[in-house]
Amino acid sequence: MSGCWERYGNILNVDTTGASEATAKPEGLSYAGVTASETIARKDLRNMEKYRDKITKVGNSKCIDPAVIAGIISRESHAGTVLKDGWGDHGNGFGLMQVDKRYHNTVGSWDSEEHLAQGAEILCDMVTAMEKKFPTWTKEQQLKAAISAYNAGPKNVQTYNRMDIGTTHNDYANDVVARAKFYKRNGY
């Protein structure tokens with residue numbers, strides 16, 4: 001693990017329940033949980049490989065574990081495969097990391113290093129917000145909360161155990177963490 005990645009904790013030490021049934025079912029899965037998240041991440045792995053070098057470079061520059069970036073990309077855009085001309089979420093989400101144009105000025109092309117850097121910076125901002133909001137939480141708890149806040153905003157995170165309530169399918173951080181652990185084990 002790169003030294004600076006530890007700034008935000010170790011993704012492998014973050015607890016997770018994985019994908020909810022609401023996330024797994026549209027993927028054609030009859031099961032939920034960590035296994036469902038891993039199955040989805042595995043389906044995205046080949047497409048994710050196209051972006052590995054950019055993900056790693058941005059992760060190193062922003063001190064965000066590339067596996068976490070890959071987990072978000074898998075959840076947000078299936079490594080770009082569900083986007084239409086780089087857009088998703090009814091035309092509001094831009095790029096691999098689905099930066100919301102309603103809250104951010106999007107930068108770069110949808111699959112560019114510049115876009116990934118913007119998404120990673122938004123995640124870093126969420127970590128900072130969670131550190132301030134929950135100073136007694138561990139780095140791993142703050143990282144998981146930041147992943148939840150990446151989806152639903154920092155105000156949505158109220159307690160650790162219920163941080164995903166209000167996120168897409170009420171499982172965003174748990175699903176992304178499980179996917180990120182899969183990518184970590186697969187060289188990210």
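None of these values were measured; they are calculated from a predicted model.
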Quick one: do C124 and I64 satisfy side-chain contact (heavy atoms from CB on, under 4.5 Å)? Show the steps, please.
-> CA-CA 8 Å; C124 290; I64 293 287; 3.6 Å; yes
Check the pair E121, H104 against side-chain contact (heavy atoms from CB on, under 4.5 Å), reporting the backbone distance first and the verdict last.
-> CA-CA 11 Å; E121 189 60 39; H104 306 279; over 6 Å; no
[X] versus [Y], closest heavy-atom pair with distance:
X    : Y    : answer
S112 : S109 : OG-O, 2.8 Å
D171 : G18  : CB-O, 4.2 Å
S148 : N156 : OG-ND2, 4.5 Å
D44  : R179 : OD2-NH1, 4.0 Å
S74  : A41  : OG-CA, 3.9 Å
G80  : W110 : CA-CZ3, 3.9 Å

Distance-only side-chain donor-acceptor flag, [X] / [Y], under 3.5 Å:
X    : Y    : result
Q98  : Y150 : no
Y183 : D65  : no
N47  : T81  : no

Strictly distance-based, threshold 3.5 Å: is any side-chain N or O of [X] a donor or acceptor partner for the main-chain N or O of [Y]?
X    : Y    : value
T39  : T35  : yes
Q118 : N105 : yes
N10  : E140 : no
E114 : D111 : no
K144 : V177 : no
Q142 : F134 : yes
D175 : S37  : no
H115 : L96  : yes
K181 : V14  : yes

Using a 6.0 Å cut-off, check whether atom [atom1] of [X] has over 12 heavy atoms from anything other than its own residue.
X    : atom1 : result
R102 : CZ    : yes
K25  : NZ    : no
R162 : CZ    : no

Atom pair [atom1] ([X]) and [atom2] ([Y]), whose distance is rounded to the nearest 0.5 Å:
X    : Y    : atom1 : atom2 : value
N170 : D164 : CG    : CG    : 7.5 Å
T167 : I147 : OG1   : CD1   : 11.5 Å
M97  : T106 : CE    : OG1   : 14.0 Å
F94  : D100 : CZ    : CG    : 12.5 Å
L143 : N13  : CG    : CG    : 10.5 Å

Cluster overlap [X] with [Y], hydrophobic side-chain contacts below 4.5 Å:
X    : Y    : answer
F182 : L29  : no
Y188 : Y51  : yes
Y8   : V176 : yes
M163 : Y172 : no
L123 : I69  : yes

What side-chain hydrogen bond (donor to acceptor under 3.5 Å, both in side chains) pairs are there with at least one residue in residues 122-134, not counting sequence neighbours?
->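 Qualifying pairs: none.
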side-chain contact (heavy atoms from CB on, under 4.5 Å) assessment of L116 paired with I73 | CA-CA 9 Å; L116 294 176; I73 290 170; 3.7 Å; yes
R52 and E49 ion-paired at < 4.0 Å =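 Counted as a salt bridge, because a side-chain N and a carboxylate O are separated by less than 4.0 Å.
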Got a salt bridge between D89 and K101, using NZ or NE/NH1/NH2 to carboxylate O under 4.0 Å?
->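 Salt bridge: no.
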Stepwise side-chain contact (heavy atoms from CB on, under 4.5 Å) check, K139 with V127 = CA-CA 9 Å; K139 288 183 180 301; V127 171; over 6 Å; no
Validation row: E76, N151 side chains within 4.5 angstrom (heavy atoms) |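 They are in side-chain contact.
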Report yes if the side chains of R75 and I40 come closer than 4.5 Å at any heavy-atom pair, otherwise no.
->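 R75 vs I40: side chains apart.
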